[in-house]
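Let me begin by presenting the structure, written as structure tokens, before commenting on it.
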Number of protein chains: 2
Amino acid sequence: MRERLFSVVRPTARRASVAIDLVPVTPMRGGLATLLVPSMDPRAREPWILPWDAPRDVETLDDGAARVCRAALGGRSVPLEQVGAFGDGQRHPGEAEISITFAALVPLGGASVALEIEARWFDVDALPALAPRQQRIVAAALESLRARLDLASVAFRLLPPAFTLTELQAVYELLVGRALHKASFRRTLQAAGVVEPLAEWRSDGRGRPAQLFRRAPVDDRAIRRGVRFELL
Amino acid sequence: MRERLFSVVRPTARRASVAIDLVPVTPMRGGLATLLVPSMDPRAREPWILPWDAPRDVETLDDGAARVCRAALGGRSVPLEQVGAFGDGQRHPGEAEISITFAALVPLGGASVALEIEARWFDVDALPALAPRQQRIVAAALESLRARLDLASVAFRLLPPAFTLTELQAVYELLVGRALHKASFRRTLQAAGVVEPLAEWRSDGRGRPAQLFRRAPVDDRAIRRGVRFELL
DNA sequence: TCAATAGTGTCTGTTAGACATTATGGA
DNA sequence: TCCATAATGTCTAACAGACACTATTGA
């Protein structure tokens with residue numbers, strides 16, 4: 001069978017149903033958690049779905065994702081990352097043909113803010129049953145966060161403005177999926193100048209209180225000074 | 001203004017015009033080149049566009065991209081990478097509302113195969129005028145190749161099965177955007193066992209002939225042996 | 001012999017990781 | 001005082017990069 005030639009036939013864009021799906025992600029209890037909302041669709045078999053909406057006429061996809069995000073998180077705005085587009089060419093009841101997915105990076109502790117809707121955070125290792133495509137979407141979103149070259153920027157966006165180095169290390173470990181060496185981690189952060197100490201300490205009730213840090217304003221320094229740390 | 005609540009209102013997917021755009025990429029004359037086709041749309045201002053088509057009813061997006069790819073490359077199949085979805089919410093004449101973009105990794109030398117259509121390879125640093133969105137799409141595709149965590153797999157897919165180490169290094173340098181140290185590069189490849197020497201040599205006419213290599217079947221070895229080389 | 005490219009040997013500064021130790025809070 | 005957590009000091013093996021060198025082809 002012969003493929004269509006571009007120079008002869010001009011293709012016409014096809015209209016397809018499109019949804020913007022959101023995968024909200026936050027560090028929680030030593031792991032990552034994602035936010036699901038109850039499915040209001042009577043045709044759906046699974047009770048939980050990812051927050052979603054249709055893109056609107058006059059907004060960019062990024063703006064649409066931000067809108068879905070605000071609706072799901074009770075008005076809060078958090079950093080978004082596009083994960084990709086999914087579509088298996090089959091029409092499942094109540095499911096768009098094409099789903100464009102964004103991960104929402106909710107900072108540590110952000111899961112505890114009051115949600116205006118009936119939503120729940122689930123540990124990503126203990127999700128309820130999801131529709132097949134939704135399952136793939138969640139997996140892809142986590143994968144894309146973990147595989148990101150610029151790990152530092154993902155890590156910092158999963159943390160509040162002030163954090164302890166232990167928290168930063170824990171987030172890094174979630175992302176790379178293995179334990180890191182504490183002394184090494186701290187030495188390199190300092191050498192690269194990617195964090196700045198604050199004049200504040202925080203105690204968890206037991207043990208020595210930890211100093212709080214923030215991300216340093218400029219972090220090209222890591223490159224300038226030739227730091228080779230694989231995680232920065 | 002109040003945001004919509006998921007628990008109250010169930011959104012409905014919107015139908016939008018969707019296109020699959022392809023960014024074919026290949027190493028060429030010391031840089032990267034991309035394939036453009038003549039625009040057959042009389043409404044278009046720019047004479048060249050990226051190869052594209054509409055997704056079909058019963059195919060996945062990946063299959064659709066593979067189809068566009070075969071049509072553009074004269075039947076050849078090459079590895080594809082999804083870059084992302086683009087849509088500014090505005091309707092430009094002859095342009096889909098949403099464009100889902102794939103990069104096609106055409107191995108070194110693949111640009112010289114006969115194309116069945118009126119297509120041309122352009123150095124990515126000397127592209128003709130493109131529509132604004134197409135320009136953004138090309139930039140994003142290159143960015144995503146360069147920023148990939150798994151540089152090795154992108155590099156090998158931009159090379160034929162048998163290649164010289166100088167070629168491999170050149171591709172790496174294109175991807176990371178800087179010169180690499182020859183001795184270091186080779187030492188690390190050997191230590192990690194990511195390439196295997198073949199019993200073949202190739203001469204460019206002058207200088208000592210270079211040995212040909214292929215990618216080693218298993219490359220978890222790099223991890224097993226604890227290789228830390230930033231590029232593997 | 002020269003030019004050009006492929007490929008290797010040796011050295012050194014830097015760093016990741018191991019390990020041990022000190023510091024500082026609460027009970 | 002004991003426990004728990006934070007934070008740091010020292011040592012070592014390993015590696016990236018610098019540099020110089022050898023190897024192998026064609027002209």
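Source: prediction; values computed, not measured.
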For [X], give me all partners under side-chain hydrogen bond (donor to acceptor under 3.5 Å, both in side chains), at least two apart in sequence or on another chain.
| X | result |
| --- | --- |
| B:R187 | B:S184 |
| B:Q82 | none |
| B:D63 | B:T60 |
| A:E173 | A:Q169 |

Exercise. Just jot down the salt bridge (Lys or Arg N to Asp or Glu O under 4.0 Å) partners of B:R146, sequence neighbours excluded, or say none.
Key: none
Quiz item: Listed by chain and number, what are the salt bridge (Lys or Arg N to Asp or Glu O under 4.0 Å) partners of A:R136, not counting sequence neighbours?
Solution: A:D88
Tabulate below the donor-acceptor pairs under 3.5 Å that side-chain atoms of residues 203-211 of chain A make, not counting sequence neighbours, or state none.
residue, atom, partner, partner atom, Å
A:S203, OG, A:G205, N, 3.1
A:Q211, NE2, A:L198, O, 2.9

Practice problem: Classify every nucleotide of nucleotides 18-27 of chain D by which part a protein heavy atom approaches to under 4.0 Å, writing B for the base, S for the sugar-phosphate alone and - for neither, in 5'-to-3' order. | Solution: BB---BBBS-
Practice problem: Could you list by number each residue of residues 157-165 of chain B showing a heavy-atom separation from DNA chain C of less than 4.0 Å, or answer none if no residue does? | Solution: none
Take atom [atom1] of [X] and atom [atom2] of [N], then tell me their distance rounded to the nearest Å.
| X | N | atom1 | atom2 | result |
| --- | --- | --- | --- | --- |
| A:L180 | C:dA16 | CG | C1' | 11 Å |
| A:R186 | C:dT21 | CZ | C1' | 15 Å |
| A:E200 | D:dA6 | CD | P | 17 Å |

Quiz prompt | Backbone N/O of A:P24 and side chain of A:T34: donor-acceptor pair under 3.5 Å | solution = yes
Quiz item: Within the structure, does a side-chain N or O atom of B:T188 lie under 4.0 Å from either OP1 or OP2 of D:dA16?
Solution: yes
